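Just so you know, ligand 1 is whichever comes first in the structure, and atom 1 is the first atom listed for that ligand. Sequential numbering from 1 along the given sequence is applied to the chain's residues. All figures in this text were calculated on a predicted structure; none of them were measured in a lab.
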Amino acid sequence: MTQKLALRRSRAIQYRILRRSAFPSARRTFLFALQAGSPLVRSLFAGLTVLAVALAAPMVAAQKVQLSVDVSKPGAKIDRNLFGQFAEHLGHGVYEGIWVGPDSKIPNTRGIRNDVVAALKAIKVPNIRWPGRCFADEYHWRKGIGPQRTVTLNPNWGGVIEPNTFGTNEFMDFLDQIGAEAYLSVNIGSGTPQEAAEWLEYLTTAQPTTLAKERAANGHPAPYKVAFLGIGNESWDCGGNMTPDYYLSELKIYSRFVRNFNPEQQDKQQMLKIAVGPGGSESRWTEWTEAIMKAHQSHTWSWDMSGLSMHSYTVVEWPPSYASVGFGETEYAQILKSTLEMNNLIDKHSAIMDKYDSQKEVALVVDEWGGWYAPLPNSNPGFLVQQNSLRDAILAALNLNIFARHADRVRMAIAQMINVLQAMILTENENMVLTPTYYVYKMYVPFQDATFMPVTFDAGTYAHDGIPLPRIDAIAAKDTRGKVWLAITNVDPNQSAELEISLAGVNTKSAVGETLTAPTVDSVNTFDTSNTVVPKPISAKAQDGKLALKLAPKSVTVIAIEQ
Ligand code: AHR
């Protein structure tokens with residue numbers, strides 16, 4: 001390209017920039033001078049180019065999003081159990097992640113890591129599902145109690161040794177240390193109703209039965225509280241490949257005979273039973289939901305259920321092949337598009353549930369969700385080890401928002417806790433690192449048991465590689481002390497979002513909170529650099545009752561609004 005041509009092109013570009021500029025007088029002066037072509041002008045040329053770009057750039061990002069919260073129309077309670085977690089005997093989820101044993105050099109309390117307990121306490125984990133999902137249907141609880149543990153195998157997850165050193169009493173101790181409730185999964189795949197019934201008697205009876213005495217001898221004379229009981233796991237697949245009718249027969253038997261004897265759980269705080277539900281939107285799963293809900297509609301006194309479980313991971317293709325780190329914007333957009341399918345899935349199964357349970361007595365329990373990616377190189381593929389990036393924080397926020405918007409039906413949701421799949425925490429020997437997903441859970445603590453408030457806003461569109469996504473997502477809620485909270489996600493990884501926030505009929509004064517972002521969509525926290533993706537303070541003052549807030553690209557923000 002000749003110098004002349006290059007200069008002409010560069011002028012044309014600057015002219016286009018200036019035509020879009022918000023400063024018409026600057027534009028006029030510049031155009032006049034350019035036509036005059038004086039040496040002084042030419043010497044100013046380069047400097048003005050920089051100025052022009054600077055003036056024009058904010059124009060692109062300047063579209064304001066009007067967001068309004070209507071506090072006069074409260075919705076359902078956002079149940080704290082939507083922020084549940086789970087500990088499966090899978091990879092280093094339990095061993096190393098939770099349990100290091102009382103003789104370990106890693107600081108612990110009765111064998112349970114102190115650092116992990118402190119981190120989980122800080123996010124107020126409401127419940128923990130244990131001993132697993134596929135693992136649960138091969139678990140025999142007696143192998144994991146008392147002074148002599150049976151060493152066995154874990155054929156589901158890598159075929160490794162299962163020492164059974166983390167068993168019933170250790171799990172209940174772990175819950176006690178973090179202040180969470182028990183969600184036990186009973187083995188209906190390879191176990192028997194009698195085995196499950198005896199497990200519950202061991203855990204919950206206050207009467208001096210032989211099993212209660214055994215529990216006391218193992219260090220816990222008082223009965224334990226078991227808040228939730230999962231009857232099987234994915235019984236249509238790894239849980240025994242059952243038909244809906246076969247599963248229903250099992251459900252009725254286990255629901256009838258696996259009793260909770262804890263005297264404090266007889267009237268109030270009764271144990272809630274959760275049945276196996278769908279794993280997707282295909283017809284075999286809509287038929288499953290139909291069959292279970294239809295049967296439940298005419299259930300007799302002898303069996304019941306309070307929840308129907310639903311599992312849905314963000315995978316895109318099976319086997320999971322997306323990288324959990326070292327990916328670009330296309331993979332970012334593809335994964336987020338896929339995760340938003342959760343909304344349709346909940347709508348689809350809720351509609352079936354509504355047909356048989358218009359009062360919404362049975363909760364939809366999304367007790368397996370999150371991003372499921374390719375195992376990290378050099379890791380045991382059966383351990384499901386993956387990193388957790390800023391993308392996962394955004395994915396978590398989008399899913400938590402979907403659950404909150406369906407809070408009248410979705411009253412429990414559970415994601416993986418440590419070292420596997422979309423984990424909150426990663427550990428390696430004595431090191432622990434908190435993931436971007438952990439920080440989203442921490443920022444969302446005020447939403448636990450808060451009341452949903454409707455929010456209106458124009459989400460706009462962010463598109464990449466032909467994949468359109470809502471640019472902004474937001475939910476609002478009022479906590480039990482009357483404070484209004486807002487969670488806003490800016491999905492767009494390139495542009496900041498300027499919001500003008502108002503509370504209908506309320507004079508807002510200011511807002512304070514935290515925002516989570518990072519340099520790239522695949523930014524992660526590592527054992528060496530644990531502070532790449534951590535929340536930073538954010539605040540805004542109101543003008544004329546409106547708050548102006550600028551949100552960074554690819555960010556999750558939670559603010560409390562002061563009135
Ligand atoms: O958590 C990993 C596995 O995913 C669970 O064991 C199973 O329920 C699901 O398919």
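- Across every non-hydrogen atom of Arg133 and Gln416, the tightest pair is NH1-NE2, 3.5 Å.
- Looking at ligand 1, you'll find an N or O of Glu234 within less than 3.5 Å of one of its N or O atoms.
- With respect to the salt-bridge test (charged N to carboxylate O, under 4.0 angstrom), the residues Arg129 and Glu368 qualify.
- A salt bridge links Asp449 with Lys77; the closest basic N to acidic carboxylate O contact falls under 4.0 Å.
- Nearest protein heavy-atom contact of atom 3 (C) of ligand 1 is Trp157 CZ2, 3.7 Å.
- Between Gln416 and ligand 1, at least one pair of N/O atoms sits closer than 3.5 Å.
- The protein atom (non-hydrogen) at minimum distance from atom 1 (O) of ligand 1 is Glu88 OE1, 2.9 Å.
- Aromatic rings from Trp369 and Phe403 are positioned such that their centres are separated by under 6.0 Å.
- Of all protein heavy atoms, the one closest to atom 4 (O) of ligand 1 is Glu368 OE1, 3.2 Å.
- Interface of Trp372 with ligand 1, defined as ligand atoms under 4.0 Å from a residue heavy atom, comprises 4 (O).
- Classification of Asp354 and Arg409 as a salt-bridged pair holds, one side-chain N sitting under 4.0 Å from a carboxylate O.
- Ligand 1 has no N or O atom lying under 3.5 Å from any N or O atom of Leu421, backbone or side chain.
- Scanning both residues, Thr243 and Trp288, for their nearest heavy atoms gives C-CZ3, 3.8 Å.
- The protein heavy atom nearest to atom 5 (C) of ligand 1 is Arg133 CB, 3.2 Å.
- Neither the backbone nor the side chain of Asp237 comes within 4.0 Å of ligand 1, counting heavy atoms alone.
- Heavy atoms of Phe135 found under 4.0 angstrom from ligand 1: none, in either backbone or side chain.
- In Lys124, the NZ atom is not crowded: 12 or fewer heavy atoms of neighbouring residues, nucleotides or ligands sit closer than 6.0 Å.
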